[in-house]
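Report on the structure given below.
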Amino acid sequence: MEPITKQDLEALGNQIVKDLELLMNNKDEQNEVDNQFDWMRSKKIRKLMDISPATLQNFRISGKIRHKKIMGSYYYNKTDLLNLFEDER
């Protein structure tokens with residue numbers, strides 16, 4: 001087994017930085033794609049708004065937000081949700 005040299009550590013550090021930059025660029029691209037769509041799945045909405053599944057269901061049942069059910073998954077209108085929380089202020 002060969003000892004680890006300073007050059008090995010520098011190469012590893014450079015690779016980690018490159019990998020992080022790539023991950024950050026991919027995340028930015030995904031956010032741009034997400035922002036283009038007005039309909040989002042339940043899980044994403046709950047995560048963004050920090051609300052429980054029951055709260056989201058209550059909004060849906062009470063007719064406060066538009067929704068679509070496609071192949072068993074609910075999709076919610078992002079604009080409606082943002083407006084709902086704006087109205088609460």
Side-chain angles (χ1 to χ4, degrees):
M1 185 162 80
E2 297 179 31
I4 298 175
T5 66
K6 184 177 179 180
Q7 291 173 338
D8 293 335
L9 292 175
E10 287 175 356
L12 177 62
N14 290 336
Q15 186 62 46
I16 290 171
V17 169
K18 287 179 186 177
D19 290 346
L20 286 173
E21 287 174 348
L22 181 62
L23 286 172
M24 289 172 47
N25 288 338
N26 287 343
K27 181 74 170 169
D28 289 342
E29 290 172 7
Q30 182 63 39
N31 285 339
E32 288 176 17
V33 169
D34 286 347
N35 289 334
Q36 292 175 356
F37 295 105
D38 286 335
W39 293 90
M40 298 169 63
R41 290 186 68 173
S42 301
K43 186 175 181 179
K44 181 113 179 158
I45 292 291
R46 291 193 323 263
K47 184 176 178 185
L48 285 174
M49 304 305 242
D50 193 27
I51 58 177
S52 71
T55 301
L56 190 55
Q57 181 181 12
N58 286 335
F59 289 153
R60 182 178 72 238
I61 291 170
S62 66
K64 292 183 179 180
I65 55 173
R66 288 181 286 167
H67 66 279
K68 295 180 181 182
K69 186 173 183 181
I70 302 172
M71 296 177 59
S73 294
Y74 284 99
Y75 291 83
Y76 298 89
N77 186 276
K78 181 170 59 173
T79 306
D80 286 356
L81 283 166
L82 294 174
N83 290 338
L84 177 68
F85 284 94
E86 286 294 320
D87 291 343
E88 294 294 323
R89 287 183 184 175

Legend entry - Interatomic distance, R46 atom CZ to L56 atom CG [nearest 0.5 angstrom]: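 The CG atom of L56 is 7.0 Å from CZ of R46, to the nearest 0.5 Å.
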Legend entry - Between CD1 on residue I70 and CZ on residue R41, distance to nearest 0.5 Å: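 Going from the CD1 atom of I70 to the CZ atom of R41 covers 10.0 Å.
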Inset, instruction - Spell out, yes or no, whether M1 and I4 are grouped together once hydrophobic residues are joined by side-chain heavy atoms under 4.5 Å, including indirect joins. - result: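 In one cluster: no.
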Inset, instruction - Indicate whether any N or O donor in one side chain lies under 3.5 Å from an N or O acceptor in the other, for D19 and Q15. - result: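 Yes.
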Legend entry - Side-chain H-bond candidate by donor/acceptor type, T55 with N58, under 3.5 Å: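 Not at all, the side chains of T55 and N58 share no donor-acceptor pair under 3.5 Å.
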Looking only at non-hydrogen atoms, find the nearest pair between [X] and [Y] and report the distance.
X	Y	result
I51	F59	CD1-CE1, 4.3 Å
Y76	I65	CD2-CD1, 3.2 Å
G72	K69	CA-CE, 3.8 Å

Legend entry - Any K18 side-chain heavy atom under 4.5 Å of L22 side chain: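 Sidechains of L22 and K18: no contact.
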Inset, instruction - Say whether, by atom type as modelled, one donor and one acceptor occur between the side chain of N77 and the main chain of R66 under 3.5 angstrom. - result: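 Flag not set: sc N77 to bb R66 has no pair under 3.5 Å.
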Legend entry - Step-by-step side chain to side chain contact (heavy atoms under 4.5 Å, CB included) determination, M40 to L48: CA-CA 10 Å; M40 298 169 63; L48 285 174; 3.1 Å; yes
Inset, instruction - For L20, look at atom CG and say whether over 12 heavy atoms of other residues, nucleotides or ligands are found less than 6.0 Å away. - result: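 More than 12 within 6.0 Å, yes.
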Legend entry - Residues, nucleotides or ligands: over 12 heavy atoms within 6.0 Å of E10 CD: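 Above 12, so yes.
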